[in-house]
> 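To start, I am sharing the structure in question, which I have written as structure tokens.
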Amino acid sequence: MAGKSYRKGITLIEAVRMFDDEDAVEEMFIEARWPNGVACPKCGSMNVQERPTRKPQPFRCRSCRKDFSVKTGTVMQGSNLSLSKWALAAYQMNTSLKGVSSMKLSRDLGISQPAAWHLAHRIRKAWEDNGGLFGGPVEVDETWVGGKERNKHENRKTKAGRGPVGKTAVVGMKDRETGKVASSVAHSTDKDTLQGFVTEHVEDDAKVYTDENPAYHDLPNHETVKHSSQEYVRGDAHTNGIESHWAMLKRGIMGTYHHVSDKHLDRYVTEFEGRHNNRPSDTIEQIHSVVRGMEGKQLRYRDLIAA
């Protein structure tokens, strides 16, 4: 794999063969979720009886007497989709750097578009992660996501000016030491919001690099570059790494998803963050990471479509 030659990838043909056997996929999901042995999702007990003939819930907790499966207590709970389709969806979303549309998932997996859309959002939910504080140095920047005013239908134009008008702000940072990113939709770009994002994600003594946005002024251990004066690099001071991440996010939104509503933008931001942070791993480990991330989370379809 160009640029990541140390990783062990999985070709599409290998993935189809690997995930064709539902029992084998179930074993893979069980091993990924419970590497130290099956544990009850309700009480945590490992005193579990396995009953292979009692599917779809082949496990029974001897402590709390609850039946469960590998889907129980995860975003997969209540899903009628096979684990093979979940695995293939996780494979596609991890290996498609600009994302994969619900229409393509629908065609590839043989399911309806609404089911594919819900499936993709639940995998995005699995990527939600509090990975701890960044030690730095970190680059911090914000970008604006939304359609260009000139491309909008006349009745959708705001006619309120140029630049970020009608768009949504996203703030993010990249840790140069680990290469990981953290990002979030920002409903304001004032000082409290942007500096609050920084202090929430970095260690107290971390070096912080930003552009000249006055909202970042007074941050400790802080250095800026002045983009308005065509200054983009000064020694170690630059924001090129996080800007590269924004470029990937925008190419995905424009080229794959075409339109992302404010309501769901945070999930797409999470998707690009999660995929970026897992890129150094082997492909099978990327899929295992998604399975582990599903634990204790829920995203119902009716909540997705609620106003």
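These numbers were taken from a predicted model, which means no experiment stands behind them.
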> Is there a donor-acceptor contact under 3.5 Å from the side chain of S96 to the main chain of M93?
no

> In this structure, would W144 and V140 fall into the same cluster of hydrophobic residues linked by side-chain contacts under 4.5 Å?
no

> Are a donor atom and an acceptor atom from the side chains of K174 and S244 found within less than 3.5 Å of each other?
no

> Are T74 and W86 close enough that some pair of their side-chain heavy atoms sits under 4.5 Å apart?
no

> Under a 4.5 Å cut-off applied to non-hydrogen side-chain atoms, are R122 and K297 in contact?
no

> Does the distance from a Lys or Arg side-chain N to an Asp or Glu carboxylate O, for E271 and R267, drop under 4.0 Å?
no

> Per the side-chain hydrogen bond (donor to acceptor under 3.5 Å, both in side chains) rule, which among E273, H245, E142 passes with S183?
E273

> Below 4.5 Å, heavy atoms only, C-beta onward: do H222 and Q195 meet side chain to side chain?
no

> Are the side chain of E22 and the backbone N or O of S84 linked by a donor-acceptor pair below 3.5 Å?
yes

> Compare every heavy atom of M28 with every heavy atom of I284, then report the nearest pair and how far apart it is.
CD1-SD, 3.7 Å

> Side chains of Q113 and S102: do they bring a donor and an acceptor to under 3.5 Å?
yes

> Answer whether the closest heavy-atom distance between the side chains of P56 and S69 falls below 4.5 Å.
no

> Please check if the number of heavy atoms outside Q49 that lie under 6.0 Å from its CD is greater than 12.
yes

> Considering all heavy atoms of both residues, which atom of M76 and which atom of V70 are nearest to each other, and what is their separation?
CE-O, 4.0 Å

> Roughly how far apart are K71 NZ and N80 CG, rounded to 0.5 Å?
7.0 Å

> To the nearest 0.5 Å, what is the distance between CD on E139 and CG on D175?
9.5 Å

> Take a 6.0 Å sphere around CZ of R54 and say whether it holds more than 12 heavy atoms from other residues, nucleotides or ligands.
no

> Between Q77 and G73, is there a donor-acceptor pair closer than 3.5 Å when you use the side chain of the first and the backbone of the second?
yes

> Determine, using the 4.5 Å side-chain heavy-atom cutoff (strictly less than), whether Y209 and L219 are members of one ILVMFWY cluster.
no

> Side chains of T270 and E128: donor-acceptor distance under 3.5 Å anywhere?
no

> Heavy-atom distance under 4.5 Å between the side chains of L119 and L109, does that happen here?
yes

> Would you say the side-chain atoms of N278 and S281 include a donor-acceptor pair closer than 3.5 Å?
no

> Has the side chain of N277 got a donor or acceptor atom that lies under 3.5 Å from a matching backbone atom of V181?
yes

> Between atom CG of D282 and atom OG of S289, what is the distance when rounded to the nearest 0.5 Å?
12.5 Å

> Let me confirm one number: the NZ-CE distance from K180 to M173, rounded to the nearest 0.5 Å.
14.5 Å

> At what distance, to the nearest 0.5 angstrom, does CZ of R300 lie from NE2 of H121?
16.0 Å

> Between D23 and K55, is the closest basic N to carboxylate O distance under 4.0 Å?
yes

> Is there a side-chain contact (heavy atoms from CB on, under 4.5 Å) between N213 and L194? Walk through the geometry before answering.
CA-CA 10 Å; N213 187 338; L194 297 186; 3.9 Å; yes

> I want to check something: taking the side chain as every heavy atom from C-beta on, are Y232 and V225 in contact at a cut-off of under 4.5 Å?
no

> Considering all heavy atoms of both residues, which atom of F68 and which atom of K66 are nearest to each other, and what is their separation?
CD2-O, 3.7 Å

> Indicate whether the side chain of T224 and that of E212 have a donor and an acceptor atom separated by less than 3.5 Å.
no

> Determine whether a donor-acceptor pair (N or O, by modelled atom type, separation under 3.5 Å) exists between the side chain of N94 and the backbone of A90.
yes

> Same cluster or not: M103 versus V100, using hydrophobic residues (I, L, V, M, F, W, Y) connected whenever any side-chain heavy atoms lie under 4.5 Å apart?
no

> Does a sphere of radius 6.0 Å around CZ in R51 hold more than 12 heavy atoms from other residues, nucleotides or ligands, not counting ones at 6.0 Å or beyond?
yes

> Looking only at side chains, do T239 and E243 share a donor and an acceptor under 3.5 Å apart?
yes

> Does any non-hydrogen side-chain atom of L304 lie less than 4.5 Å from one of H118?
yes

> Between F272 and R251, is a side-chain contact (heavy atoms from CB on, under 4.5 Å) present by the stated rule, with each step listed?
CA-CA 11 Å; F272 281 83; R251 286 198 295 270; over 6 Å; no

> Regarding D262 and T168, do their side chains bring together a donor and an acceptor under 3.5 Å, going by distance alone?
yes

> Determine whether V138 and H201 make a side-chain contact, defined as any pair of heavy atoms from C-beta on separated by less than 4.5 Å.
no

> Return the minimal non-hydrogen interatomic distance between R234 and E223, and the atom names on each side.
NH2-OE2, 3.3 Å

> Examine M294 and F59 and state if one hydrophobic cluster contains both, with Ile, Leu, Val, Met, Phe, Trp and Tyr joined whenever side-chain heavy atoms are less than 4.5 Å apart.
yes

> What do you reckon, is CG of D204 surrounded by more than 12 foreign heavy atoms closer than 6.0 Å?
no

> Which atoms form the tightest heavy-atom contact between S184 and F197, and what is the distance?
CB-CE1, 4.0 Å

> Can you see which heavy atom on S106 is nearest to which on S112, and at what distance?
OG-C, 3.6 Å

> Kindly check if the number of other-residue, nucleotide or ligand heavy atoms within 6.0 Å of CD (E231) is above 12?
yes

> From L265 CG over to L249 CG, what is the distance, rounded to the nearest 0.5 angstrom?
7.5 Å

> Are side-chain N/O atoms of H276 and R279 paired as donor and acceptor at under 3.5 Å?
no

> When hydrophobic residues are tied together by side-chain contacts of less than 4.5 Å, even through go-betweens, does L105 share a cluster with I287?
yes

> Show, in sequence, the C-alpha distance, side-chain angles and deciding distance for E50 and V38, and conclude whether the side-chain contact (heavy atoms from CB on, under 4.5 Å) test is met.
CA-CA 9 Å; E50 184 173 357; V38 177; 5.9 Å; no

> Any ion pair linking K207 and D236 (charged N to carboxylate O, less than 4.0 Å)?
no

> Go through it in stages, so that I can follow the logic: the residues are R275 and M248, the test is side-chain contact (heavy atoms from CB on, under 4.5 Å), and I'd like the CA-CA distance, side-chain angles, deciding distance and then a yes or no.
CA-CA 11 Å; R275 183 163 48 238; M248 180 67 75; over 6 Å; no

> Using only heavy-atom distances, determine whether the side chains of Y91 and E14 contain a donor-acceptor pair under 3.5 Å.
no

